[in-house]
Number of protein chains: 2
Amino acid sequence: MDHSFLDQASGGRGEEQETRERILSAARQLMAQKGYKGATTRKISELAGVNEVTIFRHFKTKVAILEELLKDILDVREQLEKGLEGEFTNVKEMLITYAKTYYHLLVERKEILMICLVEADNHPEVVKLFSSLPMTAVDVLCAKLAEFQEQGHLPKSDPCTPALMFISTFFYAFMAKYRVGLDVSIINDEEKLYEHASEILLEGIKRA
Amino acid sequence: MDHSFLDQASGGRGEEQETRERILSAARQLMAQKGYKGATTRKISELAGVNEVTIFRHFKTKVAILEELLKDILDVREQLEKGLEGEFTNVKEMLITYAKTYYHLLVERKEILMICLVEADNHPEVVKLFSSLPMTAVDVLCAKLAEFQEQGHLPKSDPCTPALMFISTFFYAFMAKYRVGLDVSIINDEEKLYEHASEILLEGIKRA
DNA sequence: CAACCATGCAAGCAACTGCTTACATTCCTG
DNA sequence: CAGGAATGTAAGCAGTTGCTTGCATGGTTG
């Protein structure tokens with residue numbers, strides 16, 4: 001009994017964690033694809049290679065699984081700001097770096113983002129989670145651009161629209177590739193997109 | 001009997017069309033909100049103010065309703081090109097006009113777009129329908145920009161990335177407002193967004 | 001008026017879904 | 001070896017869902 005907390009940490013039988021993770025992973029995959037309703041507990045159990053009853057031994061209800069999954073989407077702002085910490089030799093370099101950071105953030109969380117997108121109205125909380133990532137990204141970029149303006153590296157003007165354009169571009173590219181499965185060169189050649197979009201935006205900001 | 005085709009056109013009892021339309025409208029609304037699965041035939045019938053049986057008298061199956069709804073999303077290219085027919089005094093004016101045309105096209109079809117988005121994997125055909133609208137928009141704008149380049153109004157360079165950026169911006173604004181219900185000034189003040197985004201893009205194209 | 005047509009209403013069915021219960025099995029640990 | 005913890009198996013239950021059937025009703029049209 002006195003080692004019960006150890007069981008939670010490392011798995012008494014050595015598989016406890018593994019099973020739980022397999023269930024979560026299967027649920028994440030299915031919910032992203034088929035939506036919350038489409039991901040039935042039977043299907044989840046099959047994909048996880050686990051008996052259906054086992055699911056309910058690990059999670060009280062099905063919603064509990066969803067809630068567990070959604071936890072991964074928080075703490076975005078911190079990571080975005082972290083990507084902008086170093087000194088940059090020029091604005092374009094900063095933009096490219098930021099684009100990469102943001103895009104990778106999206107890709108890393110793609111399943112959960114899809115779940116949020118799809119589950120919008122059945123679980124209203126998740127909508128905010130979904131929008132929070134791009135909007136935070138706009139916010140952080142906005143602040144950084146304003147900073148550059150104050151330092152005289154950019155002419156003063158409203159940085160919101162350019163920030164929105166930038167974030168939107170990579171959001172759409174992300175959606176097109178990972179939700180819709182679109183296979184076109186503009187979207188697949190990510191390096192070129194980082195580079196080219198940053199260039200256009202920079203020149204746009206300078207004179208608009 | 002000889003007037004049976006009239007019944008289809010105007011409704012023998014004068015309500016035939018109306019009922020069918022009410023069902024379609026309720027289904028469109030619910031499926032956009034709750035997804036295909038979430039929009040049960042019972043709920044549809046309630047919202048339409050119609051008995052559930054009536055639904056199955058008008059549509060053989062539930063999928064038939066979905067298929068009927070999806071018909072509204074075609075013929076987009078034509079409309080986009082139509083919006084670019086007139087002569088423009090300058091490029092910026094063209095961009096603003098195009099942005100308006102595209103955004104309104106999205107808003108007009110918002111329910112169906114949401115259905116496509118949400119129903120992605122249960123009905124794989126619809127994904128293509130969903131992506132077809134923005135990608136067609138990119139395509140048409142690309143062609144127009146190339147045209148301006150050939151006429152010497154713009155320096156020659158790859159117009160794909162700027163077109164993608166432009167379309168992405170309004171796609172995201174659309175999603176944020178109508179899917180997520182985001183209420184922020186950058187997105188709500190559409191006129192300013194048309195204007196400002198066009199300006200930035202134009203300057204970006206000119207020098208990048 | 002009579003035939004017809006769209007609709008409503010009541011009932012239900014087979015399949016599925018989230019979830020539960022009771023019991024057997026296997027493995028680890030003291 | 002004994003006890004416990006995690007899992008499997010079998011069965012099922014109550015609610016929902018897409019869809020059907022049979023019958024009654026009320027308005028329209030010839």
Side-chain angles (χ1 to χ4, degrees), chain A residues 1-27 30-31 33-69 119 122-123, chain B residues 1-27 30-31 33-69 115 118-119 122-123:
Chain A
M1 289 302 177
D2 53 334
H3 65 288
S4 61
F5 73 97
L6 270 177
D7 290 348
Q8 289 177 358
S10 59
R13 213 182 122 223
E15 312 233 2
E16 205 174 300
Q17 279 280 343
E18 202 186 298
T19 303
R20 192 186 163 86
E21 284 309 312
R22 279 223 308 282
I23 294 171
L24 283 173
S25 169
L30 282 174
M31 287 184 188
Q33 261 179 33
K34 315 266 186 187
Y36 178 80
K37 285 207 168 192
T40 68
T41 50
R42 304 236 213 270
K43 281 183 196 162
I44 293 172
S45 73
E46 279 171 31
L47 185 61
V50 153
N51 194 285
E52 196 188 357
V53 194
T54 305
I55 291 182
F56 291 101
R57 290 202 180 105
H58 282 270
F59 302 91
K60 204 176 182 190
T61 62
K62 191 185 166 188
V63 215
I65 305 179
L66 177 63
E67 283 162 3
E68 186 72 29
L69 288 175
E119 253 4 84
N122 306 320
H123 306 266
Chain B
M1 288 309 175
D2 53 333
H3 66 285
S4 61
F5 72 96
L6 270 176
D7 290 349
Q8 290 177 359
S10 59
R13 212 180 123 227
E15 312 233 0
E16 206 174 297
Q17 279 279 345
E18 201 185 299
T19 303
R20 192 187 164 87
E21 283 309 312
R22 280 223 308 280
I23 295 171
L24 281 173
S25 169
L30 282 173
M31 287 185 188
Q33 262 180 31
K34 314 268 184 187
Y36 178 79
K37 284 205 170 194
T40 68
T41 50
R42 305 235 212 270
K43 281 183 196 160
I44 294 172
S45 73
E46 278 171 32
L47 185 61
V50 152
N51 194 285
E52 196 188 358
V53 195
T54 304
I55 291 182
F56 292 100
R57 290 199 181 108
H58 281 270
F59 302 92
K60 205 175 181 188
T61 63
K62 192 186 167 187
V63 214
I65 304 179
L66 176 63
E67 283 163 3
E68 186 71 28
L69 288 175
I115 296 174
V118 166
E119 251 5 82
N122 305 320
H123 307 266

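By convention in this document, chain letters (A, B, ...) are assigned in the order of the sequence lines, proteins followed by strands, and residues within each chain are numbered from 1. When reading the values below, keep in mind they use all heavy atoms of this one structure, side chains included, and skip hydrogens, waters and symmetry mates.
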Checklist entry - Restricting to pairs with a member in residues 46-57 of chain B, which pass salt bridge (Lys or Arg N to Asp or Glu O under 4.0 Å), not counting sequence neighbours? => result R42(B)-E52(B)

Next on the checklist: With a 4.0 Å cutoff (strictly under), does any side-chain N or O of T54(A) reach OP1 or OP2 of dA6(D)?
Outcome noted: no

Next on the checklist: Under the rule for salt bridge (charged side-chain N to carboxylate O under 4.0 Å, His left out), what residues qualify as partners of E68(B), not counting sequence neighbours?
Outcome noted: R20(B), K71(B)

Item to check | side-chain N/O T41(B) vs dG18(D) OP1/OP2, d < 4.0 Å | outcome: yes

Item to check | Euclidean distance, atom NZ of residue K60(A) to atom P of dG18(C) [Å, nearest integer] | outcome: 18 Å

Checklist entry - Once you round it to whole Å, what is the distance between P of dG18(C) and CD1 of I55(A)? => result 9 Å

Checklist entry - Are T61(B) and dG18(D) close enough that a side-chain N or O sits under 4.0 Å from OP1 or OP2? => result no

Checklist entry - Which comes earlier along DNA chain C counting from the 5' end, the contact point of E52(A) or that of V50(B), where each point is its nearest nucleotide? => result V50(B)

Next on the checklist: What is the distance, to the nearest angstrom, from the CZ atom on R57(B) to the P atom on dT20(D)?
Outcome noted: 11 Å

Checklist entry - When the distance from CD of E46(A) to P of dG8(D) is rounded to whole Å, what number comes out? => result 13 Å

Checklist entry - Over how many whole Å does the gap from F56(B) atom CZ to dC13(C) atom C1' extend? => result 14 Å

Checklist entry - Whole Å only: how far is the CD1 atom of I44(B) from the C1' atom of dT16(D)? => result 15 Å

Next on the checklist: Measuring to OP1 and OP2 of dT7(C), would you say a side-chain N or O of H58(B) lies under 4.0 angstrom away?
Outcome noted: yes

Checklist entry - Should N51(B) be listed as having a side-chain N or O under 4.0 Å from OP1 or OP2 of dT7(C)? => result no

Checklist entry - Rounding to a whole Å, what distance do you find between M31(A):CE and dG18(C):P? => result 9 Å

Next on the checklist: Rounded to whole Å, please give me the gap between NZ in K37(B) and P in dA15(C).
Outcome noted: 16 Å

Checklist entry - K62(A) side chain to A39(A) main-chain N or O, any donor-acceptor pair under 3.5 Å? => result yes

Checklist outcome for this item: Rounded to the nearest 0.5 angstrom, the OH-CD1 distance for Y36(A) and I65(A) is 7.5 Å

